[in-house]
Colleague: 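What follows is a single structure, and I will ask about it in a moment.
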Protein chains: 2
Amino acid sequence: MAETSCFHNLKEGGIPRQLAEGLSARVFPGEHLMLSVVEIQPGSVSPVHSHANEQWGVCLEGEWIRIQDGVEHPVKAGDFWQTPPHVPHGGRTLDERCVVLDIFAPPREEYRQGGTGLGAATVVG
Amino acid sequence: MAETSCFHNLKEGGIPRQLAEGLSARVFPGEHLMLSVVEIQPGSVSPVHSHANEQWGVCLEGEWIRIQDGVEHPVKAGDFWQTPPHVPHGGRTLDERCVVLDIFAPPREEYRQGGTGLGAATVVG
């Protein structure tokens with residue numbers, strides 16, 4: 001029943017990764033793309049970084065400030081965005097918790113295993 | 001300000017495509033992946049088809065029956081699933097409307113332009 005394992009729910013499962021303090025991810029790897037459900041606690045910072053992988057993000061719950069290419073974009077549930085390859089990005093929450101679905105293509109290979117940190121990304125600041 | 005156009009909302013925008021009767025999509029193409037917000041009316045059928053592109057789906061609103069590899073999977077908002085390359089898939093709604101976020105890698109190249117139908121997919125039945 002390997003096929004059954006293709007079905008998931010956003011609230012559970014995945015490979016755990018602590019991206020930064022207050023940012024915990026559950027990673028679902030595929031062949032050509034990878035999903036990651038990221039829970040961001042209030043008052044947390046995602047350090048600005050970049051990588052060759054294209055990334056899209058969908059704000060599923062709450063709100064935060066997406067920092068991309070040096071510009072701050074306030075986003076809320078229902079907003080989504082593309083981060084082209086190599087574009088520096090990060091973000092920060094204010095008083096509210098936020099849940100973001102991150103999508104990578106190709107997959108972040110180092111995220112196929114649980115761990116901490118931003119993998120092979122280049123941290124800008 | 002090309003960078004600004006990287007930001008969207010699930011409720012609007014995108015390249016329109018009528019996938020089938022009762023299934024309308026708004027497509028957001030990237031370089032290595034593509035997002036498509038699909039609104040499915042009650043009592044509608046997505047014909048079973050397959051393609052080489054890996055696909056993931058996230059049920060954002062409502063519920064439907066996902067048909068994948070010959071098995072019917074009832075899914076609801078918050079459920080998501082991987083459809084590996086070449087796996088036949090489709091679905092049908094019952095009495096409720098459904099909104100699904102489809103994610104393709106690599107992109108469905110024929111979906112970069114508006115239109116009707118399932119593009120280069122092989123319709124199974």
Side-chain angles (χ1 to χ4, degrees), chain A residues 1-14 26 28-37 51-61 65-89 99 101-108, chain B residues 1-14 26 28-37 51-61 65-89 99 101-108:
Chain A
M1 295 292 287
E3 196 271 339
T4 302
S5 69
C6 290
F7 285 76
H8 310 280
N9 186 276
L10 292 168
K11 300 287 189 192
E12 60 190 9
R26 294 179 286 106
F28 299 83
E31 183 177 337
H32 299 302
L33 66 92
M34 170 178 278
L35 270 59
S36 174
V37 181
H51 41 67
N53 316 65
E54 182 177 351
Q55 180 174 340
W56 288 67
V58 182
C59 185
L60 297 173
E61 297 178 34
I65 296 171
R66 174 72 173 179
I67 303 168
Q68 187 157 308
D69 213 9
V71 179
E72 296 203 341
H73 301 266
V75 294
K76 60 185 188 311
D79 291 335
F80 69 103
W81 52 89
Q82 178 192 19
T83 307
H86 303 292
V87 169
H89 58 278
V99 180
L101 175 65
D102 278 339
I103 307 161
F104 301 101
R108 300 286 305 274
Chain B
M1 294 294 286
E3 197 270 338
T4 302
S5 69
C6 290
F7 285 76
H8 310 280
N9 186 278
L10 293 168
K11 301 287 190 192
E12 61 191 9
R26 293 178 289 105
F28 299 84
E31 182 177 338
H32 298 303
L33 67 91
M34 171 179 277
L35 269 58
S36 173
V37 180
H51 41 67
N53 315 65
E54 182 177 350
Q55 180 173 339
W56 288 66
V58 182
C59 185
L60 297 173
E61 296 178 34
I65 296 171
R66 175 70 173 178
I67 303 168
Q68 188 157 308
D69 213 8
V71 179
E72 296 204 340
H73 301 267
V75 294
K76 60 185 188 310
D79 292 334
F80 69 103
W81 52 89
Q82 178 192 20
T83 308
H86 302 294
V87 170
H89 58 279
V99 180
L101 175 65
D102 278 338
I103 307 161
F104 302 101
R108 300 285 306 275

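Predicted, not measured: the structure shown is a model, and the values here were computed from it. Sequence lines set the chain letters: A, B, ... in the order given, protein chains first and strands last, and positions in each chain run from 1.
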Colleague: Minimum heavy-atom separation for B:G30 and A:E54, please, with both atom names.
Modeller: CA-OE2, 3.3 Å
Colleague: Working to the nearest 0.5 Å, report the span between CH2 of B:W56 and CE of A:M34.
Modeller: 9.0 Å
Colleague: By side-chain hydrogen bond (donor to acceptor under 3.5 Å, both in side chains), which residues pair with A:T83, not counting sequence neighbours?
Modeller: A:R66, A:Q68
Colleague: When rounded to the nearest 0.5 angstrom, what is the spacing between OG in A:S5 and CD in B:Q82?
Modeller: 8.0 Å
Colleague: Mind checking whether B:F28 and A:F80 have parallel, tilted or perpendicular rings, split at 30° and 60°?
Modeller: perpendicular
Colleague: Name the region of B:P107, side chain, backbone, both or neither, that has any atom closer than 4.5 Å to a heavy atom of chain A.
Modeller: neither
Colleague: Please find the pair of heavy atoms, one from A:P106 and one from B:H32, that lie closest to each other, and give the distance.
Modeller: CD-CD2, 4.3 Å
Colleague: If the condition is side-chain hydrogen bond (donor to acceptor under 3.5 Å, both in side chains), which residues does A:E31 pass it with, not counting sequence neighbours?
Modeller: none
Colleague: Would you give the length of the straight line joining atom CD1 of A:I103 to atom CG of B:L101, rounded to the nearest 0.5 angstrom?
Modeller: 6.0 Å
Colleague: To the nearest 0.5 Å, tell me how far A:D79 CG sits from B:N9 CG.
Modeller: 5.0 Å
Colleague: Identify which of A:G57, A:A77, A:G78, A:C59 forms the greatest number of heavy-atom pairs closer than 4.5 Å to chain B.
Modeller: A:G78
